[in-house]
Structure formats: C-alpha cells, structure tokens
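Computed from a prediction, not measured in an experiment: that's the story for all the values here. Whatever order the structure lists them in is the order used to number ligands and atoms, beginning at 1.
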Amino acid sequence: MMRRVSDETTQKAQIGVTGLAVMGRNLARNIARHGYVTAVHNRTDAKTKALISEFGDEGTFVPGYSAQEFVDSLESPRTIIIMVKAGGPTDAVIDELAPLLSEGDILVDGGNAHFLDTRRREAALREKGIHFAGVGVSGGEEGALLGPSIMPGGSEHAYAKLGPILADIAVSVDGTPCSTHVGPDGAGHFVKMVHNGIEYADMQLIAEAYDLLRHGLGRTPKQLAEVFTTWNSGDLESFLIEITARVLAKDDPTQEGVALVDVVLDEAEQKGTGRWTVQTALDLGTPVSGIAEAVFARALSGHAEQRKAAQPVLPGPDAGAEGSGGFVAEADAEQFIDDVRAALYASKVVAYAQGFDMIRAGSLEYGWGIDPGAMATIWRGGCIIRAKFLDRIKDAYAKNAELPSLLLDPYFADAVVQGQEAWRRVVVHSVNAGIPAPGFSSSLAYYDGLRRERSSAALVQGLRDLFGAHTYKRTDRDGSFHVEWSGDGSETQS
Ligand SMILES: NC(=O)C1=CN([C@@H]2O[C@H](COP(=O)(O)OP(=O)(O)OC[C@H]3O[C@@H](n4cnc5c(N)ncnc54)[C@H](OP(=O)(O)O)[C@@H]3O)[C@@H](O)[C@H]2O)C=CC1
Ligand SMILES: O=C(CO)[C@H](O)[C@H](O)COP(=O)(O)O
C-alpha cells in the first residue's frame with residue numbers, strides 16, 4: 001500500500017531509522033519505497049547526507065542531523081528502528097534516545113542483539129513507558145532493500161503498530177509475508193540467533209562438501225560451481241547453495257585464470273551469533289552439535305600459527321592421491337559426488353532439526369510460546385538460510401505442532417534413512433582421506449545417538465557414582481542408587 005506524502009517539509013515522519021550503514025540504509029530505503037515518510041539519522045552525518053543525495057528520490061526521507069532533530073521529526077507515538085552495531089553501540093543509542101522519547105513510543109532494535117540484552121533493555125524501557133521490540137532481520141544488504149525475513153519480538157501492543165509496516169517491507173512467499181510476531185521481549189532476537197547458528201552449520205557442511213570434492217576428487221572450483229548449480233535444482237535448493245556456485249565460479253579479479261576461492265585467506269571470521277547460539281544451547285541442554293562444530297571449525301581456521309606449526313609434524317593420508325585410502329577412481333567419481341550430495345542433505349536436515357529443538361527449548365524456558373511452523377514459514381524467503389525444504393518443515397509442524405524432533409516427521413525420517421548409506425560412506429571416506437568433515441560426522445553421530453536403544457551414558461553414570469557418589473537410576477526400579485564402591489560393594493537406595 002502506498003502512503004507516500006509528497007510535501008516532506010510539513011509532514012512528520014511515520015517511522016525513523018537510526019544507523020545508516022549497509023543494513024540501516026537499505027532498510028530505510030525499503031521502508032520509504034513502500035510509501036512511508038521515513039526519518040533517517042546516523043551518529044555521524046556523512047551516511048545521512050549520502051543516503052539523501054544518492055537515494056533521496058526513492059521516497060520521502062526526513063534527515064535528522066542530531067538525535068533531537070531526528071526525534072522531533074517523527075509523528076507521535078514515535079516508531080524508531082535502531083540499526084547499529086550490537087552491544088555497547090546499541091546501548092549508547094538507546095541511552096541517547098530514551099530521554100527524548102515519550103510514553104507510548106516504540107523503539108525497535110533491528111540489529112543482531114543478544115536476546116538477553118534485549119530482555120534487559122525491554123524491561124528497563126518498559127518502566128519508562130517505552131515499548132522496546134527486539135526484531136531479527138535477515139537477508140544481508142540486498143535483503144534489507146528488496147525484502148528481508150523479519151523476526152519481530154516485543155509486546156503485542158508494539159507489534160500491532162509495527163507488524164503491518166514489517167509485513168509491507170518483508171519479502172513474501174506464496175503471498176505470505178516473511179514476518180510474523182515471534183513472541184514477547186527477546187523472542188525475536190533468540191530466533192534470529194538460532195537462524196544464524198543454522199546458517200553457520202549450513203555453510204560448514206557446504207564447505208566440507210566442497211573440500212571433499214576439491215581435494216578428495218581433484219575437481220576444480222569451476223567444475224564444482226557446476227556441481228553446486230546442479231544440486232540447486234533438487235532437494236538442496238537454497239540461497240546458500242546458489243551463492244556457493246557463484247563464489248566457486250568467480251575468478252580473482254586481479255589475476256587471470258586464478259579462482260577467487262584460491263586467493264581468499266582460509267581463516268573464517270565471526271561476529272558472535274553462532275557462538276551465542278552454542279553458549280545458549282549449552283545452558284538449555286540442547287545438543288546443537290552441527291552448529292558447535294561449525295563454530296569450532298571457524299575457530300580452528302583462525303589459529304593460523306598453530307596450523308602452520310602442525311603441518312610438518314603431523315602427517316596424514318595424501319588426500320585423494322592414487323594409492324591412498326582417500327583415492328576415488330574416475331569411474332566412481334559420479335557415485336562419490338552423489339554420495340556427498342546425499343550426505344550434505346542428511347547432515348543439513350540434522351542441523352535444522354537441532355535448531356528447531358533449540359527454539360522449542362528456548363520458548364519453554366522463557367515462556368515465549370513460539371510456533372516453530374511459523375518460523376519455518378518466515379524463513380522460506382528473504383533470509384540467508386532460505387531453502388526449498390523449509391516448505392517441508394512448515395508442513396511437518398502443520399501436521400504435528402508437537403513434533404518431538406523434525407527427524408521423526410515421515411518426510412525427514414525418510415530423507416535421513418534413505419541418505420544414510422551414502423552418508424556413512426562419505427564420513428568413512430573423509431577419515432581415510434584425512435579431510436576433516438566434522439559437520440558430516442557429528443550429524444551422523446547425532447543420528448546414531450538418537451536412534452540407539454541404549455546409550456553409553458549408562459557407563460558414564462556408573463563412573464560418576466564411583467568417583468563422586470553422584471548416584472544413578474535403574475532401568476528396573478524407581479529411585480536413586482549408589483554402590484558402596486570402597487566398602488562392601490553393596491547397593492544402597494537414596
Ligand atoms: N551486515 C549484515 O549482513 C547484517 C547485519 N545485521 C545487524 O544489523 C546491524 C547493522 O549492521 P551493519 O549495517 O552491517 O552495520 P555495522 O554493524 O557495521 O554498524 C555500523 C553502524 O553502527 C553505528 N555505530 C557504531 N558505533 C556506534 C555508537 N557507539 N553509537 C552510535 N552509532 C554507532 C555506525 O555509525 P557511524 O557511521 O557513525 O560509525 C553505523 O551506522 C548490526 O547489529 C548487525 O549485526 C543483521 C543482519 C545482516
Ligand atoms: O545476520 C546475518 C545474516 O542473517 C549476518 O550476515 C551474520 O551476522 C554474519 O555472521 P558472521 O559474521 O558471524 O558470519
């Protein structure tokens with residue numbers, strides 16, 4: 001719906017955006033393009049001036065060159081989106097704006113905040129009568145402009161005003177906007193954090209598939225770009241697979257005939273959301289092993305000095321060389337490529353299942369009432385993990401909202417069961433070739449751990465009882481038991 005107002009000088013802005021780096025600038029443009037009179041502000045003026053001079057004709061913008069001018073340019077009750085660096089900078093912006101706001105105003109944090117910070121900020125601002133909404137936004141620079149996936153948290157009151165604007169600017173899939181109220185206080189940022197954790201796991205699995213085919217099979221980046229393009233028309237169809245093909249096809253812009261991937265430093269950086277996901281999962285007791293392996297793989301990649309020192313000291317198989325355990329004959333190459341595809345899909349299903357388990361655990365812990373099917377629905381478009389199979393996840397929760405694990409939905413159970421022989425072959429191959437595949441192997445271990453009738457934890461319990469009298473439960477009787485290990489070896493019940 002277009003609500004553009006042509007006379008910007010007399011018109012108060014309907015919404016404001018402060019923080020005009022790549023995300024805030026494009027979000028402000030997206031909002032203005034949808035007809036909202038949009039106030040814009042940045043700590044330093046240059047970004048505000050650049051936005052007005054480069055994109056000022058895309059909609060009606062009202063620049064504010066001080067916090068006071070920005071706040072005064074907004075109609076009451078005000079709605080302001082903060083889009084700055086998470087952590088201290090977000091607190092700094094809130095501290096500057098809050099004294100200038102009035103009861104009933106809505107302050108939105110669209111950055112990648114930690115959900116516990118959001119809970120703290122929401123409680124503090126609620127005392128001042130200001131509605132604070134932590135809103136996850138995914139889609140990167142392009143998504144922010146053309147339609148991101150949006151995960152709004154905060155009160156029902158804030159959402160009543162904010163929801164229609166967010167639905168307007170979000171991308172739509174099958175006519176449904178990729179934005180829905182996630183739940184109160186930190187729920188939106190919690191779900192965005194898990195989204196990013198899954199993003200880490202998904203990228204790690206893709207990188208492992210690439211590594212196995214590149215160094216196990218000797219395929220070139222260009223050949224692999226074609227493989228990923230083919231994969232993108234099947235079960236694996238997703239934004240990340242699509243852009244993997246683009247990155248692998250890209251030549252170094254500064255050298256002819258050299259693949260870009262071969263000149264990019266092999267040390268993955270991280271801003272924090274993957275690490276937060278794992279830290280939170282540890283607190284919730286939710287095994288997100290795929291995400292944890294991805295975070296640790298990035299950490300290991302960053303230990304460049306250690307890696308360099310290890311190379312001459314720690315030998316292993318010559319990956320992919322004829323005669324080595326990791327050799328694949330050319331006649332078996334097609335089969336191997338298809339095995340890697342199947343292992344990637346099965347591992348990916350496990351990573352998403354773990355992520356959705358974590359959303360359920362977080363929702364229970366904080367009383368948010370998050371609908372997992374609704375999260376799958378809003379992740380179908382706009383966000384970094386958008387993928388064809390999110391439709392299947394949406395359907396799985398529509399059939400059974402209480403699904404104990406995504407892996408128990410008939411479609412996903414079938415996907416991992418059908419893929420498991422290939423999955424096992426690939427993990428064995430990675431071990432024999434000396435090519436690390438922690439994402440593939442940990443997800444397979446999770447699958448095997450989940451399906452075991454009896455786990456090795458019985459022995460762990462026995463050990464805990466022996467060294468610390470921590471007691472154990474029995475399979476055949478209720479109660480807690482302890483063996484008098486240093487006495488007569490009898491069992492007592494506590
Ligand atoms: N980049 C991406 O793909 C995505 C980013 N996000 C999140 O969105 C938010 C914005 O991201 P992005 O656009 O990349 O920008 P950055 O995270 O690089 O943040 C830059 C912005 O923060 C402002 N800023 C930094 N410190 C302060 C401070 N102390 N007080 C006031 N303003 C400050 C900067 O102002 P100045 O110009 O004056 O330095 C600038 O506007 C972040 O929270 C990020 O995690 C979410 C999804 C995707
Ligand atoms: O939020 C995002 C996408 O949804 C960002 O792109 C994400 O922060 C990137 O994280 P990192 O720098 O840790 O890889």
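Nearest protein heavy-atom neighbour of atom 18 (O) of ligand 1: K85 NZ, 3.3 Å. Of the protein's non-hydrogen atoms, the one nearest atom 20 (C) of ligand 1 is A21 CB, 3.6 Å. In this structure, the protein non-hydrogen atom closest to atom 8 (O) of ligand 2 is N112 ND2, 3.3 Å. T44 OG1, 2.7 Å is the protein heavy atom nearest to atom 38 (O) of ligand 1.
For a threshold of 3.5 Å applied to N or O pairs, the pair formed by E199 and ligand 2 contains at least one separation below that value. Of the N or O atoms in E141, none lie within a sub-3.5 Å distance of an N or O in ligand 1. Taking only nitrogen or oxygen atoms, main chain and side chain alike, T273 does not reach within less than 3.5 Å of ligand 2. Between S138 and ligand 1, no pair of N/O atoms sits closer than 3.5 Å. Between V84 and ligand 1, an N or O atom pair is found at a separation short of 3.5 Å. Annotation: K192 places no N or O atom under 3.5 Å from an N or O atom of ligand 1; distance criterion only.
To the nearest 0.5 Å, the span separating OG on S405 from OH on Y446 amounts to 5.0 Å.
Nearest residue to atom 10 (C) of ligand 1 from M83, K47, R25, K271 is M83 (criterion: closest heavy atom). Closest heavy-atom approach to atom 28 (C) of ligand 1 among the candidates H195, M23, R43, E96: R43. Evaluated by nearest non-hydrogen atom to atom 4 (O) of ligand 2, the leading choice among A86, S138, G136 is S138. Of the options G140, G143, G24, the smallest heavy-atom separation from atom 3 (O) of ligand 1 is shown by G140. Taking each of N112, I82, D45 in turn, the one with a heavy atom nearest to atom 7 (C) of ligand 1 proves to be N112.
Neither the backbone nor the side chain of M193 has any atom closer than 4.0 Å to an atom of ligand 2 (non-hydrogen atoms only).
For K192, the heavy-atom gap to ligand 2 drops under 4.0 angstrom. Ligand 1 lies less than 4.0 angstrom from a heavy atom belonging to A86.
The cationic atom of K192 (NZ for Lys, CZ for Arg) does not lie both less than 6.0 Å from the six-membered ring centre of F115 and within 45° of the ring axis.
Nearest heavy atom pair, residue G302 against residue E267, reads O-OE1, 4.1 Å.
In this structure, H215 and Y210 have perpendicular ring planes: the angle between them is above 60°, well past the 30° mark. Below 30°, between 30° and 60°, or above 60°: for Y352 and F389 the angle between ring planes is above 60°, a perpendicular geometry. Ring geometry for H157 against H131 counts as parallel: the plane angle stays under 30°, on a 0 to 90° scale with 60° as the upper cut.
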